Asker: 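Quick one: structure below, then a few questions.
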Amino acid sequence: MATVFSVLLLALHGAGYGQSSPRPQPAPLPPPLPAPIDQSYAGTISLSVDLTNVNDRVLKVRETIPVKPGEITLLYPEWLPGTHSPSNPIENLAGLVVMADGKRILWVRDRVNMWAFNIHVPNGTNALELTFQYLAPVKPKEGRISTRIADLTWNSVLLYPAGYFASRIQFAPELRLPEGWKFATALDVRSQNGDLVEFKEVPLNALVDSPVYAGVNFKRVDLSSGPDNPVFLDVFADKPQQLEITPEELQYHKNLAIQAQKLFNSRHYDHYDFLFSLSDTVGGKGLEHHQSSEDGTRANYFIDWAAGVSGRALLPHEYVHSWNGKFRRPADLWTPNFNVPMQNDLLWVYEGLTDYYGDVLTARSGLRTPEQSRDVIARIAANFEISPGRTWRSLEDTTNQAIISSHFARPETWPSWQRSYDYYPESNLIWLDVDTKIRELSNGQKSLDDFARLFFGIDNGSYVTVTYSFDDLVNAMNTVQPYDWKTFFRTRVYEIAPRVPEDGITRGGYRLVYNDVEPEWMKHMDRSRGTSFATSLGFVVQGGGGVKDDDEANADGNITEVTWDGPAFKAGMTPEMQLKAVNDQTFSIANLCEAILASEKGNAPIKLLLKRDKEFITLSVDYHGGLRYPHLERVESTPDRLDTILAPVK
Ligand SMILES: [Zn+2]
């Protein structure tokens with residue numbers, strides 16, 4: 001057998017890999033895209049988008065691009081600010097036809113860059129006429145367009161010439177809306193004729209930064225903290241009653257604008273618009289822009305206020321980005337156009353500090369009570385205590401997550417080991433560490449509020465981005481409070497740091513504890529994504545009476561996540577199993593909690609019946625630690641710095 005095999009191998013080598021055959025040589029790659037230069041593109045590109053076909057979610061685009069004869073490369077934006085990844089859905093662009101002087105001409109896609117189209121412009125041609133469609137997802141919650149609400153992002157409906165800074169390419173956009181629809185945007189309107197809206201000319205970077213929300217049910221709410229700080233909440237909802245806001249809810253949102261002013265003592269917008277969709281048909285969203293943000297959450301945001309505590313930081317987070325992320329930006333995250341790759345290493349500041357200030361403003365504005373805010377911090381820390389991914393992967397490396405994830409459609413199987421977008425919540429804890437450290441070192445005279453004013457409060461009124469480096473950040477920190485901030489950040493962010501950064505909790509006057517008492521607000525929580533037993537048995541499960549949404553009924557018992565090295569993992573549980581029974585009783589959240597509480601008092605393991613595909617599996621989980629809800633417990637006789645941080649600024 002061995003002899004025959006060797007002969008076969010020899011024969012194969014002789015045929016393809018023998019010394020007499022020429023070695024294959026690499027084919028030349030296509031030339032790189034023209035590098036963007038800081039020079040005006042001649043002429044204005046007119047862009048006309050027809051949004052009337054919301055039934056099919058098909059957006060029709062007509063674009064006229066002034067050109068000169070010769071070669072031109074047109075780009076579909078690839079790297080979108082705020083998503084930190086090459087995520088603009090090129091697969092949804094279809095029907096592209098290019099005309100020159102009434103004649104159809106050929107376009108050829110670049111062979112390595114799928115976002116680039118090469119065109120030979122014939123002699124005598126001074127403009128190209130493009131038509132194409134953007135095919136928005138039709139599945140409910142996957143896309144951002146329904147028959148009642150539309151989130152129009154200009155980056156999905158345009159091509160632009162390669163070789164120029166986005167700020168030097170002028171666009172004249174117009175939008176045809178479905179009959180009778182209202183709209184909101186940071187763009188300035190030139191004219192409106194019925195459902196046709198013509199916007200004032202804008203450079204490409206500002207256009208992409210200024211999406212339009214439109215819809216049937218609309219309410220514009222004034223949140224301005226004063227005449228010099230115009231802030232609006234533009235609410236679009238599936239149904240008119242979902243627009244109703246109680247006076248109390250309104251006050252919390254107004255407080256947000258007031259408290260943000262006190263924190264940053266500046267603004268970097270003419271007027272700020274929260275574009276806010278409340279819908280069970282379009283998906284949720286949170287995407288920052290300079291003078292607006294794309295925000296989207298469940299339809300009953302105002303109606304079932306108590307259910308939303310965990311997601312309450314959405315608007316504060318996106319608002320903070322107007323200062324941190326849009327106005328001040330890491331130098332390698334500022335790119336001259338939308339097809340130059342971004343580098344994400346400072347996202348622990350761009351996103352992490354925004355997460356921290358966002359949570360602080362959520363507390364200071366009353367959107368969360370101090371106790372709810374402390375519970376949220378406890379949950380973040382508790383999640384890291386059970387996630388061993390920090391033993392092999394630095395926090396800085398997780399800033400690449402958006403780019404890595406853009407290459408595959410499925411979620412991670414083992415996020416607690418692989419690590420995920422940890423640069424949000426883990427950096428949040430690190431910035432709490434920083435804030436309490438400054439307060440400690442300065443005997444309460446200085447805080448991260450001072451850093452906010454120093455770093456983000458410059459150039460009041462300007463929205464021209466000011467970039468920074470790691471060293472700039474460290475220098476600014478040292479101006480606020482001298483300390484070895486360089487080592488502080490290097491050891492926590494850039495090196496492997498297995499210890500959970502909980503010093504901010506301790507220095508804040510609290511300690512992390514676990515008990516069987518579920519916080520009151522969590523009982524009202526929207527559990528459509530599942531109920532977490534991560535800190536106890538080590539998994540997240542959908543359904544079982546923990547789901548309010550009928551759409552999720554078929555998700556009953558689905559295990560969406562299993563904690564690496566947790567009790568369920570050790571017993572053999574994997575994601576995608578379905579939980580059918582707990583201790584021989586049909587699975588429900590109630591009887592699972594009961595079983596965990598019973599096991600706390602005895603020695604018997606918990607018996608779980610699971611289904612994987614067509615196979616039934618019984619697992620015995622030897623766990624006796626109780627429900628382990630994380631809380632922060634006050635340590636008397638230590639300074640209560642966390643309470644000071646969370647209290648509204650007078
Ligand atoms: Zn963010």
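Note: hydrogens, waters and symmetry copies are ignored here, and every other heavy atom, side chains too, is used. Only a predicted model underlies this, so the values are computations on that prediction, with no experimental measurement involved. For ligands, and for the atoms within them, numbers begin at 1 and follow the listed sequence.
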Asker: Could you tell me which N, O or S atom of Glu351 is nearest to the Zn ion (ligand 1)?
Answerer: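 The atom in question is OE1.
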Asker: Find, among atoms of His317 that are N, O or S, the one nearest to the Zn ion (ligand 1), and state its name.
Answerer: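 The atom in question is NE2.
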Asker: Is the distance from the Zn ion (ligand 1) to the nearest N/O/S atom of Asp355 under 2.8 Å?
Answerer: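 Within the cut-off used here (under 2.8 Å), Asp355 places no N, O or S atom near the Zn ion (ligand 1).
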Asker: Among residues at least two apart in sequence or on other chains, which ones pass side chain to side chain donor-acceptor pair (under 3.5 Å) with Arg641?
Answerer: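 Arg641 satisfies side chain to side chain donor-acceptor pair (under 3.5 Å) with no residue once adjacent residues are dropped.
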Asker: Could you list the residues that satisfy side-chain contact (heavy atoms from CB on, under 4.5 Å) with Thr563, not counting sequence neighbours?
Answerer: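 Ile386, Ser416, Ala534.
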Asker: With side chain to side chain contact (heavy atoms under 4.5 Å, CB included) as the test, pick out the partner of Val235 among Asp295, Leu243, Leu275.
Answerer: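 Output: one option passes, namely Leu243.
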Asker: Is the positively charged end of Arg328 above the ring of Phe455, judged by distance under 6.0 angstrom from the centroid and angle within 45° of the axis?
Answerer: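 Yes, cation above the ring, under 6.0 Å and within 45°.
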